[in-house]
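What follows is one structure encoded as structure tokens, with my remarks underneath.
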Amino acid sequence: MIFKRFKEDIDSLIARDPAARSRWDVIFLYPGFHAVMTYRVTNWLWRHHFRFLGRFLSQMARFFTGIEIHPGAVIGRRFFIDHGDGVVIGETTRIGDNVTLYQAVTLGGIAPSVDSHTQVDQKRHPTLEDGVIVGSGAQVLGAITVGADARIGANAVVTRDVPSGVTAVGIPAHVVMPRDREHAKDFVAYGTPTDGCPDPVLRTIENLHTQVGLLMTRIDNLESELKHAQGRDSDDVQKGCKVVVSRSDT
Ligand SMILES: CC(C)(COP(=O)(O)OP(=O)(O)OC[C@H]1O[C@@H](n2cnc3c(N)ncnc32)[C@H](O)[C@@H]1OP(=O)(O)O)[C@@H](O)C(=O)NCCC(=O)NCCS
């Protein structure tokens with residue numbers, strides 16, 4: 001069982017990193033792999049109440065790999081940290097299956113509210129659902145959820161929930177392009193699709209097409225909200241007239 005998982009982790013890493021040529025490469029050359037393997041042990045220790053030992057080993061792993069994963073974090077299968085240096089994963093983080101992080105990513109907490117100081121196990125760190133890719137240097141902060149297959153751009157700062165299958169970039173992070181869910185399910189190295197449509201002009205047109213679709217949906221929503229509001233207003237006016245008429249009758 002353990003070896004099957006071990007092999008699964010290695011193979012998923014080879015599938016996701018074009019630079020990984022063999023299983024030996026992964027075993028000897030990938031600090032992200034070493035950190036995740038150590039995490040599997042420290043998480044076991046943490047769950048079995050050997051908490052100091054768990055944290056001690058995780059700090060040792062940090063010393064050697066530059067990656068700090070709190071043993072209390074819950075991480076799914078085939079998790080891949082590429083390069084890794086500077087990655088920090090906080091205690092109450094939840095990570096689904098097939099998630100990829102690049103270097104210098106923080107899955108961090110934000111200052112808890114005054115009331116919550118007493119609640120030690122309160123969720124303070126993010127949840128990353130299956131298939132999420134987080135670009136290098138991105139900071140994902142607080143008890144927010146990044147939906148399945150979403151992409152977070154390099155150096156983004158994310159402090160709000162991110163819907164499934166979209167790409168969020170910038171500070172504060174905002175959605176730039178909704179992803180076709182079918183397409184988003186396939187892993188693309190660095191989160192950047194090149195195979196689907198390599199022609200940059202065609203990609204720009206496709207992006208514009210997507211943006212126009214989004215705008216149309218927003219306009220439809222706004223129009224129906226406006227109609228609704230206008231309907232309410234005219235109801236109010238009619239009611240007002242009735243009140244005035246009935247008063248003038250008396
Ligand atoms: C976010 C990301 C996945 C988007 O890739 P994509 O789907 O190909 O998106 P595009 O390149 O078409 O970009 C869409 C828009 O977002 C902008 N954008 C892309 N990445 C951005 C980033 N990190 N920060 C700010 N804006 C970004 C683009 O300029 C473009 O804006 P425009 O429409 O105004 O021109 C990718 O840019 C990224 O950051 N990947 C992480 C790569 C990484 O960390 N590599 C480390 C390897 S060691």
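Order of listing sets the numbers, starting from 1, for every ligand and every atom in it.
- Between F33 and F6, the gap from one ring centroid to the other is short of 6.0 Å.
- Nearest residue to atom 4 (C) of ligand 1 from V175, T167, V134 is T167 (criterion: closest heavy atom).
- With respect to the salt-bridge test (charged N to carboxylate O, under 4.0 angstrom), the residues D9 and R5 do not qualify.
- Taking every non-hydrogen atom of Q103 and a distance limit under 4.0 Å, the qualifying atoms of ligand 1 come out as 48 (S).
- In terms of polar-atom proximity, Y102 is not counted as a contact of ligand 1, lacking any N or O under 3.5 Å from an N or O of the ligand.
- A pairwise comparison of heavy atoms in V162 and A168 identifies CG1-CB, 4.2 Å as the closest pair.
- Between the side chains of R62 and S58, no donor-acceptor pair is found at a separation under 3.5 Å.
- No salt bridge links R78 with D11; every basic N to acidic carboxylate O contact stays at or beyond 4.0 Å.
- For ligand 1, the atoms closer than 4.0 angstrom to any heavy atom of G153 are 1 (C), 23 (N), 39 (O).
- Y30 and D17 form a side-chain donor-acceptor contact under 3.5 Å, judged by distance and modelled atom types alone.
- Residue contact check: G135 has heavy atoms under 4.0 Å from atoms 41 (C), 44 (O) of ligand 1.
- Applying the 4.0 Å criterion to heavy atoms of H83 picks out, from ligand 1, the atoms 48 (S).
- Of the listed options V176, L208, D17, V176 places a heavy atom closest to atom 16 (O) of ligand 1.
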